[in-house]
Each structure stands twice: as C-alpha cells, then as structure tokens.
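Scroll down for the structure; my scribbles are underneath it.
Computed from a predicted model, the values in this text were never measured in an experiment. Note that ligands are numbered from 1 as they come in the structure, with each ligand's atoms numbered from 1 the same way. Throughout, residue positions are numbered sequentially from 1 according to the sequence presented.
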Amino acid sequence: MKIQIAPSILSADFGNLNADIKTVEDFVDLLHVDVMDGHFVPNLTFGAPVIRCIKTSLPLSCHLMIENPEKYLEDFVKAGAATITFHAEVVKDMSGLIKKIHTLGVRAGVSVNPETDVKVIESVLAEVDEVLVMSVHPGFGGQKFIESALEKIAWLRQVRPDLDIAVDGGIDNLTAPKVVQAGANILVSGSYIFNSSDRVAAIKTLNP
Ligand code: DX5
Ligand code: ZN
C-alpha cells in the first residue's frame, strides 16, 4: 500500500495557518486536523469555523476528539472535511454514526486511545474507511510514541488487509519505519514536521 503522510496542523502556527500549510502542501498527501473539546481530552483547539478558513488542495481529515460527535457532523462536512474520524470511547452506536457520516458523502474513520482494546471496533471494521490508532494519549502534540500501538496495527492489517490504517502520535524518523512494518499506511505527524528547521527534509525521512 502506498504510504501517505498527514501533517497534523496542531503543531502549526495558528496565526499563520495557511502560510504554514503551504510549506508542506506539495510534499504530503492530506492534512490531519485535530478538533478538541476540553471534555473528551484536556485541551481545546478549534471547530468548523476555523477549518472553513483553511485554504488547501489537500483532503482534510478531521480527527474529532470530542464528545457527542454526531451533533457536529454536518458542520465539519460543510467546512470541507473529506474524512471524519470519531473516537470509539464516546460513541455507543458506532455503526449508526458511520452510516450518518457516509450519508453526508464523506469517509468515516474510527479512533482508539492507547488504553482501549482495539477489538471494541471489530464489529464495525467492515464498514469504516479508516482506523486511526492513537500512539499517544490524545490532547497534545510532542509526546512519546507508545509501543503497544504496533500490535493493534498488526492485528487490524491482518483482519482487513485493504483498510486505511492511520497512526497518530510520536511519529518521527525512528518510529515511522516501525509502524509501516506493522502495517500502517497513513502516518500522522505534527511536531516532528512543523518544529523541524527543514520541514520538507523531515517529511522525506518519514517515507524514505
Ligand atoms: C494528539 C493529536 C495528534 C498530534 C500528534 O492528540 O491527535 O494529531 O498532533 O502530534 P505529534 O506528532 O507531535 O505527536
Ligand atoms: Zn490527531
């Protein structure tokens, strides 16, 4: 499978977001957009009004670290989301939510936290377009990669060989080969890319 690189704009300069996106746009496959509500995670970012202002030709993958994601689906679709990923920890009827996301014409993803057993999403694996394996505790950039993500990725790849498997948190030149080896094909990376003095060179080290 082709490896896709998804810079997480959480580590970009929010005061110069579009300019920062321009510095990586030609070298990556999509943008990872972290929405946090201060409830599901102990941090706040932004919502649909800010996403609407992002100017890019790249697909936007919206990672909703929020409670009650069903309330905001339309807003994110109208703001330009190509993929909407919700967290398994906050959704009872995952299948119903996936159907709603598909009805709105976008891709559906489900994410699992480091302490969540990946098997809780087994029943919806045939329906989702993507699984986002968290390899840090969600809420902040710049944390250390949690190795247990590797087993989850390997299990997912075995169960659904064609699935888009994204991994989010602590991805750099050292952890990227490990997650690719385990079976991930979408690498989300925030601080490693945006804090680098040569972002393009950093991106290239993720998929040499
Ligand atoms: C964390 C976010 C990540 C974050 C990753 O809650 O979901 O997308 O930006 O940041 P790094 O790559 O710095 O670990
Ligand atoms: Zn994320």
N-O pairing of K22 and D20 below 4.0 Å: no
Single-linkage hydrophobic cluster, 4.5 Å side-chain cutoff, L132 and W155 together: no
Side chain to side chain, L125 and L163, heavy atoms closer than 4.5 Å: yes
K2, NZ atom: more than 12 neighbouring heavy atoms under 6.0 Å: yes
Parallel, tilted or perpendicular: ring planes of F46 versus F14, cut at 30 and 60 degrees: perpendicular
Environment of the Zn ion (ligand 2) in terms of protein N/O/S atoms, cut-off under 2.8 Å: H32 NE2, D34 OD1, H63 ND1, D168 OD2
Test log, rule side chain to side chain donor-acceptor pair (under 3.5 Å), inputs D34 and S8: CA-CA 7 Å; D34 283 319; S8 170; 2.9 Å; yes
[X] side chain to [Y] side chain, donor-acceptor N/O pair below 3.5 angstrom:
X: T175; Y: Y192; value: no
X: K99; Y: S95; value: yes
X: S11; Y: N195; value: no

Could you go through ligand 1 and note, for every N or O atom, any protein N or O atom closer than 3.5 angstrom, writing the atom names and distance to 0.1 Å, or 'none'?
residue, atom, partner, partner atom, Å
ligand 1, 6 (O), G139, N, 2.7
ligand 1, 7 (O), D34, OD1, 3.1
ligand 1, 7 (O), H63, ND1, 3.3
ligand 1, 7 (O), D168, OD2, 2.9
ligand 1, 8 (O), S8, OG, 3.3
ligand 1, 8 (O), H32, NE2, 3.3
ligand 1, 8 (O), D34, OD1, 3.3
ligand 1, 8 (O), D34, OD2, 2.7
ligand 1, 8 (O), D168, OD1, 2.7
ligand 1, 8 (O), D168, OD2, 3.0
ligand 1, 9 (O), S8, OG, 2.7
ligand 1, 9 (O), D34, OD2, 3.2
ligand 1, 12 (O), G190, N, 2.7
ligand 1, 13 (O), G142, N, 2.8
ligand 1, 13 (O), S191, N, 3.0
ligand 1, 13 (O), S191, OG, 2.5
ligand 1, 14 (O), G170, N, 2.8

